There are 2 protein chains.
Amino acid sequence: MTATVRGVPDTSSRQVTITDIAREAGVSVPTVSRVVNGRDDVSAATREKVEALLRHHGYRVQRGPRPSRAFLLDLVFDDLDSPWAVEIIRGVEEVAHAAGAGTVVSAVHGRSASAEAWLQNLHRRASDGVLLVTSDLQQDLGPVLRESSVPLVVVDPAGLPPVGVPSVGATNWAGGVAAAEHLVRLGHRRIAHVGGPAHLLCSRARLDGHRAGVEAAGLVLQDELVREGDFRQGSGLREAQALLDLPEPPTAVFAASDQMALGVYEAVRRRGLRVPEDLSVVGFDDLDLATWASPPLTTVRQPLAEMGAAAARTLLDLADGREVPHPRVELATTLVVRSSTAPPRGLAASDTESGGK
Amino acid sequence: MTATVRGVPDTSSRQVTITDIAREAGVSVPTVSRVVNGRDDVSAATREKVEALLRHHGYRVQRGPRPSRAFLLDLVFDDLDSPWAVEIIRGVEEVAHAAGAGTVVSAVHGRSASAEAWLQNLHRRASDGVLLVTSDLQQDLGPVLRESSVPLVVVDPAGLPPVGVPSVGATNWAGGVAAAEHLVRLGHRRIAHVGGPAHLLCSRARLDGHRAGVEAAGLVLQDELVREGDFRQGSGLREAQALLDLPEPPTAVFAASDQMALGVYEAVRRRGLRVPEDLSVVGFDDLDLATWASPPLTTVRQPLAEMGAAAARTLLDLADGREVPHPRVELATTLVVRSSTAPPRGLAASDTESGGK
DNA sequence: CAGGTTTCCGGAAGCGTTTCCGGAAGCGGG
DNA sequence: CCCGCTTCCGGAAACGCTTCCGGAAACCTG
């Protein structure tokens with residue numbers, strides 16, 4: 001099968017118009033127009049005939065009025081390098097699909113350079129709205145999008161979203177509290193934090209929650225136990241190694257993402273230690289991989305798909321010119337206890353809280 | 001901040017036209033047209049003035065000629081429930097973005113019911129082409145898409161793609177051989193296979209490769225050691241448990257996906273056994289999670305992003321009416337040795353091949 | 001300053017499509 | 001056979017936009 005394949009079957013000379021179709025079908029131009037637009041005041045016979053020709057010539061409308069809506073939602077990530085993203089995509093896609101809209105996924109790899117070009121594309125395809133996900137660009141793009149009057153919703157805002165821009169997030173702070181409380185109850189006193197980039201709102205909220213949960217038990221979160229990562233596994237490994245090198249290493253680690261938690265696992269493994277016997281680990285997100293890590297990871301569940309879905313619904317409301325009742329939504333996080341947390345070594349399982357899901 | 005937000009700022013009465021803008025700006029209609037289309041034969045002052053009005057009124061083209069290309073690529077998955085997908089998306093998005101096109105991601109959850117509706121959407125938005133990923137729908141949709149003359153490329157074909165439809169895959173068979181050879185060289189004799197759904201081409205190829213690799217060493221792959229999963233973790237767990245229950249359990253497992261390999265990990269963990277001491281495990285895909293599993297997973301790398309990119313390039317070629325030189329492409333798989341494979345218990349590390357990455 | 005070139009813009013014509021309106025059939029009931 | 005009604009379709013006009021072309025003004029160049 002070495003035959004090559006041609007893309008457009010009929011590249012005769014010029015795009016066909018309804019005039020051509022009309023002439024060939026022996027009907028008038030308006031009639032063809034009616035068929036194309038699915039009006040019902042055309043006889044079955046005529047419709048059949050015209051439709052056949054339409055299909056045969058691969059007719060595509062090429063001037064006429066543009067539809068008021070493009071039925072496209074733009075979903076913009078900073079990067080597409082994590083299973084994280086697919087959860088959001090799934091939520092958005094489901095809602096968009098139900099509304100007959102397509103989901104355009106893009107990544108503004110890093111810098112505004114490509115963002116400029118991306119904006120042009122956006123404008124050309126007349127997207128109905130933009131969902132911006134945890135992006136540093138939020139600050140740069142926000143105003144531009146605002147001005148171009150494209151509906152905008154921010155998912156998991158990186159900072160305070162501009163006024164008038166609805167956002168959907170999760171209760172990061174509460175999640176941090178829950179994680180800390182869980183570990184405290186197990187008897188841990190030195191609970192380290194491996195956070196995300198400090199300039200992100202969600203990172204700060206998780207850390208503050210952690211601190212609050214610890215302090216509620218009359219403990220303090222020492223500075224040496226707070227490390228900054230970038231949500232990726234590598235940073236979890238790196239920071240966990242630093243923590244284990246401490247003269248008095250922690251007995252538990254709360255990592256601000258599941259991926260970093262896996263990095264912590266690896267640091268533990270490389271030391272010949274074990275989770276949770278030597279170190280308890282709590283993650284954040286509850287991605288698929290949390291269930292299937294060895295051991296299954298205790299983590300703070302963040303309903304990513306639901307967040308995407310909620311954001312998409314809000315965006316569709318905006319695009320339709322409906323009012324958005326709740327410009328700021330935070331969905332609840334919940335602690336999911338699995339097998340990566342246990343009482344610290346040397347402490348009898350007093351009021352044990354570990355165990356299966 | 002309880003203020004509601006309105007989507008469309010100016011819903012005065014009627015959509016603004018360039019005629020309105022022209023009148024208000026005190027210029028002619030063609031001039032506004034030129035500004036809108038970014039022509040360069042407009043003075044800076046005039047352009048500025050018109051652009052301001054355009055923005056202010058939120059002008060959107062509403063008739064004129066449609067662009068010949070929509071600059072949209074449709075990327076269709078069966079389901080969006082795996083980190084798998086995001087790799088493909090990334091590859092496609094990169095190429096599409098570079099070509100100024102958007103990537104529309106959708107999931108035809110299961111059945112043709114929604115596929116029908118989806119096709120309608122597709123047609124309405126006049127997508128430039130469709131990338132179909134490992135879908136059972138390939139058979140159903142293929143012909144329909146064919147007739148509607150939408151360029152189509154199949155990624156990781158589920159079966160033999162229809163003639164005339166280019167496809168991009170990976171050398172699944174060779175990957176299976178590599179995995180088996182690696183395990184045989186470590187001294188394994190009973191190497192089980194946990195495969196994907198048998199009706200998928202890639203599943204069959206991986207199993208056949210496994211068999212071939214084993215037989216090349218003068219061994220046979222016994223039927224009891226061949227299990228069928230669905231590429232997801234749960235099935236890996238289930239099938240591995242069945243294998244471990246065998247009177248003479250295998251000393252190594254080749255799972256046809258990384259996710260199933262993690263399921264195998266979990267089965268081993270639940271038995272109180274260890275990887276690789278008690279069971280060597282090889283996966284397939286080399287997703288991110290393979291690197292960060294405990295222990296890091298030896299796996300057959302499948303260049304998913306590159307596959308997506310190659311498919312997208314092919315699709316763009318088709319959409320442009322260029323000829324596609326290679327209707328069928330298979331990208332190379334490579335074995336990545338990490339720490340989940342070792343010689344079987346009771347066998348001295350003869351010609352050891354385990355070790356770090 | 002004459003002549004040529006470039007820059008910038010408007011009038012007119014044209015694009016493919018839709019909308020409006022009216023007329024020709026077809027049909028059943030008186 | 002006529003009447004009113006519906007169904008189906010065509011001519012003409014309108015739609016919003018683009019392209020073509022020519023002319024006025026500004027800007028050089030010697």
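This structure is a prediction, so every number in the text was calculated from the model and none was measured.
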- Of B/Arg34 and B/Arg60, whose closest DNA chain D nucleotide lies nearer the 5' terminus? B/Arg60
- For B/Gly169, does its backbone N or O pair with a side-chain atom of B/Asp156 as donor and acceptor, under 3.5 Å? no
- Note on the structure: Rounding to 0.5 Å, atoms CD (A/Glu87) and CE (A/Met307) come to a distance of 11.0 Å
- Note on the structure: Against the side chain of B/Val61, the closest entry in D/dC17, C/dT17, C/dG10 is D/dC17
- Message: With a 3.5 Å distance limit and no angle check, can you tell me whether B/Asp320 reaches the backbone of B/Asp317 through a side-chain donor-acceptor pair?
- Response: no
- Task: Report yes if at least one side-chain N or O of B/Thr31 is closer than 4.0 Å to OP1 or OP2 of C/dG10; otherwise report no.
- Result: yes
- Message: So A/Ser33, base contact, sugar-phosphate only, or nothing? Heavy-atom distance under 4.0 Å.
- Response: base
- Query: Can you tell which of C/dT19, D/dC15, C/dG10 lies closest to the side chain of A/Arg39?
  - Reply: C/dT19
- Determine to 10° how strongly the helix from C/dC1-D/dG30 to C/dG30-D/dC1 is bent, judged from the axes of its five-pair ends. 10°
- A/Tyr59 side chain N/O closer than 4.0 Å to the phosphate oxygens (OP1, OP2) of C/dG16? no
- Query: Just by modelled atom types, is the B/Val35 backbone N or O under 3.5 Å from a matching donor or acceptor in the B/Glu51 side chain?
  - Reply: no
- Counting N and O atoms only, with roles assigned by atom type, does the side chain of B/His56 sit under 3.5 Å from a partner on the main chain of B/Ala52, one being a donor and the other an acceptor? no
- Value in whole Å for how far the P atom of C/dT17 lies from CG of A/Asn37: 10 Å
- Any donor-acceptor pair under 3.5 Å from A/Arg66 side chain to B/Pro65 backbone: yes
- Task: Figure out the CZ/C1' separation between A/Arg23 and D/dG10, and round it to whole Å.
- Result: 16 Å
